[in-house]
Amino acid sequence: MSSATTTVSAAVSETATAKVEIRSVHKNFGPLHVLRGIDLDVRAGEVTVVLGPSGSGKSTLLRTINHLEKVDSGTVSVDGTLVGYRRSGNRLYELRERDILKQRTRIGFVFQNFHLFPHLTVLENIVEAPVSALKRPRKEAEAAARKLLDRVGLADKAEAYPKQLSGGQQQRVAIARALALEPGLLLFDEPTSALDPELVGEVLDVIKDLAASGTTMIVVTHEIGFAREVADTVVFMDEGRIVEQGPPAEVLDSPRHERTRAFLSKVL
Amino acid sequence: MALTSDPPSAVPLTKDPEAAAPSPTPTTSSAPADLVVVPVRHPWRWVAVAATAVLLAQFAHGLITNPGWEWDVFAAFFTTETILRAVWVTLQLTFYGTALGFAIGIVLAFMRLSANPFLRSVAFAYIWAFRSIPLIVQLLFWFNLAYLYKELSIGIPFGPSFLSFDTMGLVGEMSAAVLGLALHQAAYAAEIVRGGVLAVDEGQSQAAASLGIPRLRQLRRIVLPQAMRSILPNAANEIISLFKGTSIVSVMAIGELFYQVQVVYGRNGRVVPLLMVATAWYVLLTTALSVVQHYVERHYAKGSAR
Ligand SMILES: Nc1ncnc2c1ncn2[C@@H]1O[C@H](COP(=O)(O)OP(=O)(O)OP(=O)(O)O)[C@@H](O)[C@H]1O
Ligand SMILES: [Mg+2]
């Protein structure tokens, strides 16, 4: 597996990689205060792993970064550009949907449940966004897609439909689909949580390889081993706040906060 | 299945005592491959089949021998020009009614799915109104539109108008009928389309949005093709019922199939064979629609297990 995926880095390394700045972000769902003032910096080329108990707001935070979820206050910027808004003086003007969609092409998102398009073949799944959002010629996009498939070890599955693939294969296709836009930032929301245990490894290998390539990544996961191995920074969230963050050795091995310790003792 | 090397036959899953009784108890010497599987017998099923067959035969016999059906009259009128032209009118009413009805229906469906409460309420009210008013009442209203509005004009709302038309000239009988059918159909089509769109997993449009795929393209390429799976069977039902529903238009004296048949038997008094002419055409064309439905559904089933 690792030999098949070491080359993924080559596909992405040319792409400019982006830094992320999150400033006092708040988000409510009705009466529920889900994000309670999040501040987070992710340096370009670094891997940040977000840990935290269920319901702590990890997915919501990730989704605000590509504006799938609107924030109630605070700002998110990727590579120095505000996501979802335009600033003029003291005001933030919400961007038109068309401009938000354009911003999203620079941010790859991988979902827990893959969300591949079931009526399209693997190749069509990957080619769809480059063709319709970036206006790439279809031929060119298909050639690039085949290369990406080769690199996630699925060259022979181009014509298959998602239902004909295993969970691990589907998630690798979903990663290739996100990579097809050559994003500077990749967001993963529990990419292996829906997989059978024996399939987790093949997906993590692909992600590790991307990490080595220097793409900025934010990964929500419960795989502590993966965090230890790959993360530059580990962030622990609880009840809509970042409780602590730091290098994996610090946060995972000698956490300063009781809540982090309690959580880690449950997952480890 | 593993008990026999014979081609698989209907192996009963039920442990019916009837089956156990006649089957020979296997001796220790016979190999498993030699054992014979005896399916359960269903004697009462045969009785039911025989009774049904007799009834069907009687019915068929009646159709052939009862002179009341007047098959010669049926044959004489089935493909006469009057009838064929009436079939054509019926098909046109169905086609335009469906096309216009679903076009308006799609707009209404997306109005009801919209985030704007005003658009949502208007669509809701439309659907409520047009599902409440019987089609025949609606058609008569449209037919009498000219009585309400003597002329229709295009211009600035509540302001001066640039063009005006005489209502009766513009809304001819045929267009009044199409309009009535379409507006009625739109209310149902809207709900069918809305149901189909709602049936598509939300993750699909989120994935499309996260990839930056333009909004219209998301709809056309990602959401609607998947919605079609649940839209199609219901839409086919609607088209078929609209097709037969065109017979209601006979109240407006439009020469569609049912009206024309009535005209003919009004003249020659051969009611039954002429009703059979209409029936045969309705059955024939509904069958054709069902065949089309089968192939269209197969097209949209790509990539799915069922
Ligand atoms: N669209 C929504 N509407 C209302 N409440 C929501 C919505 N999305 C999330 N929530 C609530 O917000 C809280 C945080 O949800 P979130 O999905 O961000 O948690 P999470 O940390 O990702 O949890 P998990 O590990 O279970 O995925 C939860 O209590 C959830 O019920
Ligand atoms: Mg989550």
Side-chain angles (χ1 to χ4, degrees), chain A residues 59 62-63 65-69 96-122 124-135 159-165 170 173-174 177-183 185-189 194, chain B residues 106-107 110-111 113-120 192-193 195-236 293-306:
Chain A
S59 300
L62 215 55
R63 291 159 59 83
I65 298 177
N66 72 350
H67 208 71
L68 275 182
E69 213 75 76
R96 286 175 309 170
E97 189 177 7
R98 198 191 315 164
D99 298 317
I100 294 171
L101 287 166
K102 215 169 278 168
Q103 289 190 327
R104 291 206 186 106
T105 61
R106 296 186 287 125
I107 307 171
F109 200 109
V110 176
F111 297 87
Q112 179 173 353
N113 294 315
F114 332 133
H115 295 327
L116 292 177
F117 307 130
H119 59 303
L120 304 181
T121 64
V122 164
E124 288 167 338
N125 262 277
I126 300 177
V127 153
E128 179 57 30
V131 168
S132 68
L134 300 182
K135 311 284 177 228
E159 318 305 331
Y161 284 96
K163 285 243 171 70
Q164 299 162 338
L165 304 180
Q170 289 187 48
V173 171
R177 181 175 71 174
L179 290 177
L181 292 164
E182 299 169 20
L185 169 66
L186 282 170
L187 308 173
F188 292 85
D189 191 2
Chain B
I106 288 171
V107 172
F110 284 101
M111 281 170 73
L113 291 168
S114 125
N116 184 311
F118 179 72
L119 295 181
R120 260 195 334 250
I192 288 172
V193 172
V197 171
L198 287 178
V200 177
D201 178 19
E202 237 185 312
Q204 291 293 307
S205 35
Q206 290 200 359
S210 80
L211 289 163
I213 297 169
R215 189 64 204 274
L216 260 181
R217 177 87 179 176
Q218 285 182 30
L219 272 182
R220 251 192 30 239
R221 177 79 166 154
I222 308 297
V223 176
L224 282 181
Q226 294 185 64
M228 285 306 267
R229 300 256 1 242
S230 45
I231 290 176
L232 276 172
N234 295 322
Q293 176 190 2
H294 172 78
Y295 285 99
V296 177
E297 277 185 18
R298 211 170 60 174
H299 169 80
Y300 281 103
K302 269 189 311 184
S304 77
R306 282 182 298 142

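Each chain gets a letter, A, B and so on, in the order the sequences are listed, and its residues count up from 1. Scope of the values below: all heavy atoms of this structure, side chains included, with no hydrogens, waters or symmetry mates.
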Give, as side chain, backbone, both or neither, the part of A/L134 having an atom under 4.5 angstrom from any heavy atom of chain B. neither
Examine whether an atom of A/I107 lies under 4.5 Å from a heavy atom of chain B, and if so say whether it belongs to the side chain, the backbone or both; otherwise answer neither. backbone
Under the salt bridge (Lys or Arg N to Asp or Glu O under 4.0 Å) rule, what pairs show up with a residue in residues 218-228 of chain B, not counting sequence neighbours? A/E128-B/R221
Looking at A/E69 and A/R63, would you say the former's side chain and the latter's main chain have a donor-acceptor pair under 3.5 Å? no
Check whether A/Q103 reaches the backbone of A/D99 with its side chain - one donor and one acceptor, N or O, closer than 3.5 Å. no
Using the side chain to side chain donor-acceptor pair (under 3.5 Å) rule, collect all pairs that involve residues 108-118 of chain A, keeping only residues at least two apart or in two chains. none
With no hydrogens and no angle check, do the side chains of A/N66 and B/S210 hold a donor and an acceptor under 3.5 Å apart? no
Go through the atoms of B/R217 and report whether side chain, backbone, both or neither lie under 4.5 Å from a heavy atom of chain A. side chain
Which region of B/E202, side chain (C-beta onward) or backbone (N, CA, C, O), has a non-hydrogen atom less than 4.5 Å from a non-hydrogen atom of chain A, or is it both or neither? neither
Select, from [options], the one with the greatest count of heavy-atom pairs under 4.5 Å involving chain B.
{"options": "A/F117, A/Y161, A/F114", "result": "A/F117"}
{"options": "A/A129, A/A180, A/S132", "result": "A/S132"}
{"options": "A/R106, A/K102, A/H119", "result": "A/H119"}

For B/R215, does the CZ atom sit with more than 12 other heavy atoms under 6.0 Å from it, leaving out its own atoms? no
